[in-house]
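A short write-up of the structure that comes next.
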Amino acid sequence: MEYTFVSREALVPRKIKRSVCPYDCPDTCGLLVEVSEGMAARVMGDPGHPFTRGTLCPKMNRYQDTVHSPLRLTQPLLRTGSKGSGDYRPISWEEAITHIADRWQKIIGQFGAEAILPYSYAGTMGLIQRNAGHPFFHCLGASRLDRTICSPAKETGWKSVMGETSAPHPDEVAESDLVILWGINALATNIHFLHGVKAARRRGAKVWLIDTYQNLTSSVVDQIFLVRPGSDGALALGLMHLLVHDGLIDLDFIKTHVQGFEELKERILPDYPPEKVSFLTGLSPETIHSMARAYGSAKRPFIRLGAGLSRYGNGAMIVRTIVSLPALVGSYGKKGAGCFTSTSTSGAFAMKEILREDFMTKETRIINMNRLGLALNELNDPPIKSLYVYTSNPAAVAPDQNQVLKGLAREDLFTVVHERFMTDTARYADIILPSTSSLEHSDLHRAYGHYCIQRAKAVIPPVGESKSNWEVFSLLAQKMGFDDPFFQQKADDLIDHLLSIPSPMREGIDEEAFSGGMAVELPLLPDARTRFRTPSGKIEILNPRESHPLPCFLPPYGGDYPFRLMTAPSFYALNSTFRERADLLKKERAMFLQMSPADAEAKGLKEGQRVIAFNQLGEVSFVLRITPNVPSGVVVAEGVWWLEHCPGSRSVNALTSQKLTDQGGGSTFYDNTVDVRPDKE
Ligand code: SF4
């Protein structure tokens, strides 16, 4: 759907075209792009989007500055200097693809195809471009990547209790009388959810924030509860103890819909009294009592659970425990209540037609992406001899940065990076391939923070010689001799094919709007509130398939240093994305380490001075920000910075470990400790 108008300023014909924000954010905003002379002149929110309704976050408000940035990579590049130097010379696409194919043929001949590792994540969330490499690498027989850097522990925790039950519609929060933002800095990471929260508040709802420090979202809530890092599960157990003890539970709902209440009761009454929970969480017993009373008396309490709290060594258990809490007050059965973790809409499209696991001739090994450092430095049989990176920047975002950079610096590692900018990872590439932005290619989108789907077509031509993931894998397939017709399709052909396959989830959508490029909502199942999609058909607080059949407190990993390091999201960046934008960097000002006044005084540190945070993995320079928003014993580093913008030579992930969560193989970015000392500067 598009229309033309003539701008008053220059009498240049302009068109407004629909697109989608592709970034790793639950909101998946609808965009309107004003196109003039083949360029994106302005990017705005689409008021016709059912969930995001025309507003964008500060990162995307000037997306045209990203798309047409002078820093865009516009030609394939071949390394001429040492790894990490950023010295390259331009080559043609034909040379680049031939070079890659030749090197891979040699590696396969000597070590086998499992010596090649793809590395990608959610730099773009569109189903086609994000997953474009899967069929190719399956055909190649490469090692597979376990893509678990974000929130597999959260998913595991939800599924343990709720199985395949869908989360409620996020807009239902507007009907709640008590909204709990638990471990989510929604202003930075889920801004459109706050529409519903504000509506609830206007109707008189109370809004709480439960977190480890007072982040930006605290400005839109009524009460803030700061807990010790990794103790959120203990708080949920303490609340359950008091709800049971004080009779604030919905016995009718429990009898009909909950498995294991009696067993839970026997566990939590003796094991999680308020005094013990106070010791674990740092909240006073009186506070825990008042929280339980308010939660147990609310008619429609709604929990919005973030992902950060699942990135501890006990992350899956934390989520499982919190997800159990609403079952005791019957709120899963009520509109405007319950718990929202994320939406699961994978059934909307036939993903197997995109992923093409049938192209694998044998099961190849799987490497956890959180352990890239180990994989590059220690893996044998065969060792990783080539890394192909797309839609990710592991030199910045993967844990244990020193190990990752050491691996990337290996002269015998053949690294290809498909990117839009000279990121920290691109600097270590042997070959860099220029990548399109989301406005320059077609894709198909679904969200994890709401139930909309949307098709996006390219709205401008590729910038320079850039190509999409889909196009590059087609070229590589051709060069490697993969003759399956799958690789000869265009991205739009595959999207058409996917849409020709019916899915019960898409039944009843507004087909006309959808084919016109608008976002449309998938209908929620009518029995979503009364039918729980678990093996028992009940909410499984007791899950006999788990090694811990009941929720319990498991301690986080912690560490030997005095401060818990919170690697929190930034308001002006999304992981390491958007760091090309000078306007956003200016607003963020510097790579700060936030510390409480008491801790700064004890350490003799002053506001604005350079400090080094260090632990057994490395050390990182920051600018110190002293703030009462951070409790004693905690330090906070927001955002993932490119090395070129850091005060020192490393960014925050030089301090995070390659340890995994209790379940799901997830990252443990929040479960690290550091000490802090002045930097010599
Ligand atoms: S990053 Fe998130 S909030 Fe910002 S425009 Fe994209 S989807 Fe919307």
Side-chain angles (χ1 to χ4, degrees), residues 22-24 66-67 69 71-79 83 86 88-104 116-140 142-143 145 147 354 369 372 384 386-398 408 413-443 458 462-480 487 491 575-577 579-580 642:
Y23 293 111
D24 187 0
T66 289
V67 173
S69 165
L71 302 177
R72 276 288 295 270
L73 300 168
T74 55
Q75 287 174 289
L77 299 171
L78 181 70
R79 180 166 69 89
K83 291 209 171 192
Y88 291 87
R89 72 171 170 83
I91 54 173
S92 70
W93 270 101
E94 176 56 28
E95 280 176 275
I97 297 293
T98 305
H99 188 118
I100 296 167
D102 287 350
R103 283 293 298 264
W104 280 354
I116 300 168
L117 177 69
Y119 194 99
S120 71
Y121 198 63
T124 180
M125 293 286 288
L127 297 176
I128 305 300
Q129 303 297 346
R130 178 183 184 180
N131 298 300
H134 286 62
F136 174 81
F137 287 112
H138 289 331
C139 243
L140 193 68
S143 288
L145 189 72
R147 292 172 169 84
I354 305 177
M369 69 188 304
L372 180 64
I384 303 296
S386 180
L387 186 70
Y388 184 98
V389 181
Y390 57 113
T391 60
S392 186
N393 179 13
V397 303
L408 289 174
L413 180 74
F414 175 60
T415 302
V416 181
V417 176
H418 187 200
E419 246 302 347
R420 296 168 307 156
F421 296 102
M422 187 63 82
T423 60
D424 296 341
T425 310
R427 284 179 189 281
Y428 284 84
D430 294 277
I431 289 195
I432 301 176
L433 305 173
S435 170
T436 45
S437 76
S438 60
L439 301 189
E440 300 151 51
H441 56 231
S442 294
D443 220 328
V463 169
E465 296 177 24
S466 58
K467 290 188 189 295
S468 67
N469 286 335
W470 182 264
E471 291 170 303
V472 175
F473 285 114
S474 296
L475 289 175
L476 286 168
Q478 205 182 332
K479 192 59 89 178
M480 295 298 288
F487 295 111
N575 301 321
S576 74
T577 306
R579 293 301 186 193
E580 74 285 353
W642 289 0

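Take Lys467 and apply the salt bridge (charged side-chain N to carboxylate O under 4.0 Å, His left out) test, not counting sequence neighbours, and it matches no residue. For Thr577, the side chain to side chain contact (heavy atoms under 4.5 Å, CB included) test picks out Tyr23, Arg420, Leu574, with sequence neighbours left out. In terms of the side chain to side chain donor-acceptor pair (under 3.5 Å) criterion, residue partners of Glu471 (sequence neighbours excluded) are, by chain and number, Ser468. Gln478 pairs by the side chain to side chain contact (heavy atoms under 4.5 Å, CB included) definition with Leu475, not counting sequence neighbours. Checked against side chain to side chain donor-acceptor pair (under 3.5 Å), Glu465 has no partners two or more places apart in sequence or in another chain.
Contact of the Val416 side chain with the Val389 side chain is not registered, since no non-hydrogen atoms from C-beta on lie closer than 4.5 Å. Glu440 places a side-chain heavy atom less than 4.5 Å from the side chain of Val463. Considering only heavy atoms from C-beta on, Tyr428 stays 4.5 Å or farther from Thr415 through its side chain. Counting heavy atoms from C-beta outward, Leu117 and Ser386 have side chains that stay 4.5 Å or more apart. Counting only heavy atoms from C-beta outward, the side chains of Asp443 and Trp470 never approach each other to under 4.5 Å. Under the 4.5 Å side-chain criterion, counting only non-hydrogen atoms from C-beta, Arg89 is not in contact with Leu77. In this structure, Ile128 and Ser442 have side chains that are not in contact, with every pair of non-hydrogen atoms separated by 4.5 Å or more. Contact check for Pro76 versus Pro90: no side-chain heavy atoms found under the 4.5 Å cut-off.
Going from atom CG of Leu476 over to atom CG of Leu140 covers 9.0 Å, rounded to the nearest 0.5 Å. Here the OG1 atom belonging to Thr98 is positioned 12.0 Å from the CH2 atom belonging to Trp93, to the nearest 0.5 angstrom. Taken from CG in Asn469 to OG1 in Thr124, the straight-line distance is 7.5 Å, to the nearest 0.5 Å. With rounding to the nearest 0.5 Å, the separation of CG in Asn575 from OG in Ser392 is 9.0 Å.
Between Phe473 and Tyr390, the two ring planes are perpendicular [angle over 60°; tilted spans 30° to 60°].
The shortest heavy-atom contact between Leu413 and Leu387 is CD1-N, 4.2 Å. The heavy-atom pair separating Trp104 from Met480 by the smallest distance is CB-CE, 4.3 Å. Taking each heavy atom of Ala142 and Ile116 in turn, the nearest pair found is CB-O, 3.3 Å. Closest heavy-atom contact between Arg579 and Ser576: CG-O, 3.4 Å. When every heavy atom of Ser120 is checked against every heavy atom of Leu145, the shortest pair comes out as N-CD2, 3.6 Å. Contact between Asp424 and Ala396 at its shortest, heavy atoms only, is OD2-CB, 3.7 Å.
For Arg72 (side chain) and Ser435 (main-chain N/O), a donor-acceptor pair under 3.5 Å exists by modelled atom type. In this structure a side-chain-to-backbone donor-acceptor pair under 3.5 Å is present from Thr391 to Tyr121. Judged by distance alone, with hydrogens and angles left aside, the side-chain atoms of Tyr88 form no donor-acceptor pair with the main-chain N or O of Ile431 at under 3.5 Å. Not a single donor-acceptor pair under 3.5 Å links the side chain of Gln129 to the backbone N or O of Gly126.
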Under 3.5 Å, sequence neighbours excluded: what are the donor-acceptor pairs made by side chains of residues 130-138?
residue, atom, partner, partner atom, Å
Asn131, ND2, Leu127, O, 2.8
His134, ND1, Asn131, O, 3.4
His134, NE2, Arg147, NH1, 3.4

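In this structure, a donor-acceptor pair under 3.5 Å is absent between the side chains of Thr425 and Glu419.
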Review point. Going through the checks in order, is the side chain to side chain contact (heavy atoms under 4.5 Å, CB included) test met by Ile432 and Met422?
Key: CA-CA 9 Å; Ile432 301 176; Met422 187 63 82; 3.7 Å; yes

Review point. Can Tyr388 and His418 be said to form a side chain to side chain contact (heavy atoms under 4.5 Å, CB included), step by step?
Key: CA-CA 8 Å; Tyr388 184 98; His418 187 200; 3.9 Å; yes

Exercise for review: Might you work through the side chain to side chain contact (heavy atoms under 4.5 Å, CB included) test for Asn393 and Trp642, ending with a clear yes or no?
Suggested key: CA-CA 10 Å; Asn393 179 13; Trp642 289 0; 3.8 Å; yes

Exercise for review: Starting from the C-alpha separation in whole Å, work towards a yes-or-no answer on side chain to side chain contact (heavy atoms under 4.5 Å, CB included) for Ile100 and Phe414.
Suggested key: CA-CA 9 Å; Ile100 296 167; Phe414 175 60; 4.1 Å; yes

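For Glu94 and Lys479, the salt-bridge test passes: some basic side-chain N is under 4.0 Å from an acidic carboxylate O. A salt bridge links Asp430 with Lys83: at least one charged nitrogen is closer than 4.0 Å to a carboxylate oxygen.
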